[in-house]
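Here the structure comes first, spelled out in structure tokens, and everything after it is commentary.
Note that ligands are numbered from 1 as they come in the structure, with each ligand's atoms numbered from 1 the same way. Counting from 1, the numbers follow the sequence of the chain as shown. On a predicted model such as this, the values are computed, not experimentally measured, just so you know.
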Amino acid sequence: MKVGILAVQGDYEAHAAVLARLGVEYILVRTPADVAGVDALILPGGESTTQLKFLTEEGLEKAIRDLAARGGALFGTCAGTILLAREVKNPAQPSLGLADLVVTRNAYGRQVASEVTTGPCKWKDRPLEMVFIRAPIIEQVGRDVEVLAECAGQPVLVRQGRVLAATFHPELTSDTTVHEYFLKMATDKSQATWEPEQTETAR
Ligand code: GLN
């Protein structure tokens, strides 16, 4: 399986560092040809408006849609989640619509608020450390969306088929669980919803 990290803007190097720690080879994706060569793609955090501009201008938007259509796996963090959503509000902007999510961008006022917090994660037996940086809020999830982790009663890690989306930054903590989940999900095409082993307390 070939893994790519969208590297037009944002904290793609932090994702690269996690994959390197896990011993997973990756390429930095900047062109439609790069996207055509991968089976899984990470869309990093950063500034979604700037990223969207690149996606549109460089033909990456279509390439990412094509990747999704051929069964590729996608993982968005923060701005990446904004790009993947069905609808983006406050302020509104176009998006790929590859996950049935409605997200609010300026969820924390003027986008200056950042916090590190922990919250229970559905498939883990311990709290997951979550770094929120000017994070969007997932306001609505579609029927086919599975909420994997919540924080303060709101979904912060969700999955729909072969798309995984987090409003926090798992690439900025030492816990590699979310990336490992994505890699397993990307590899295992046999199941629509792959779940790691669970303990009773993790449910
Ligand atoms: N709120 C930012 C945006 O609209 C995303 C912040 C982030 O990725 N850390 O793009």
> With sequence neighbours excluded, what pairs up with V163 under the side-chain contact (heavy atoms from CB on, under 4.5 Å) test?
Replying inline: L74, L84, A99
>> Heavy-atom pairs closer than 4.0 Å: do any link ligand 1 to the side chain of H169, the backbone, both, or neither?
In response: side chain
> Which of the numbered atoms in ligand 1 are below 4.0 angstrom from a heavy atom of G45?
Replying inline: 8 (O)
>> Please list, in number order, the atoms of ligand 1 under 4.0 Å from a heavy atom of G46.
In response: 2 (C), 5 (C), 6 (C), 7 (C), 8 (O), 10 (O)
> Between E58 and L60, is there a donor-acceptor pair closer than 3.5 Å when you use the side chain of the first and the backbone of the second?
Replying inline: no
>> List ligand 1 atoms under 4.0 Å from I82, heavy atoms only on the residue side.
In response: 3 (C), 4 (O), 10 (O)
> Going by the atom numbers of ligand 1, which of them fall below 4.0 Å from some non-hydrogen atom of C78?
Replying inline: 5 (C), 6 (C), 7 (C), 8 (O), 9 (N)
>> Which residues pass the side-chain contact (heavy atoms from CB on, under 4.5 Å) test with A149, not counting sequence neighbours?
In response: C121, M130, V156, L157
> With a cut-off of 6.0 Å (strictly less than), are more than 12 heavy atoms of other residues, nucleotides or ligands near CD of E13?
Replying inline: no
> Is ligand 1 under 4.0 Å from a heavy atom in the side chain of T77, in the backbone, in both, or in neither?
Replying inline: neither
> Do R159 and Y181 come close enough that some side-chain heavy atom pair is under 4.5 Å?
Replying inline: yes
> Is there a nitrogen or oxygen of P136 sitting under 3.5 Å from a nitrogen or oxygen of ligand 1?
Replying inline: no
>> Measuring centre to centre across the rings, with the benzene-like ring taken for any Trp, is H15 within less than 6.0 Å of Y26?
In response: no
>> Minimum distance, heavy atoms only, to atom 1 (N) of ligand 1: which one of Q9, E47, R105, R134 is it?
In response: R134
>> Check whether R21 reaches the backbone of S174 with its side chain - one donor and one acceptor, N or O, closer than 3.5 Å.
In response: yes
> Which of the atoms in ligand 1, numbered in the order shown and given with their element, are less than 4.0 Å from a heavy-atom of S48?
Replying inline: 3 (C), 4 (O), 10 (O)
>> Within the 4.0 Å heavy-atom shell around I133, which atoms of ligand 1 are there?
In response: 6 (C), 7 (C), 9 (N)
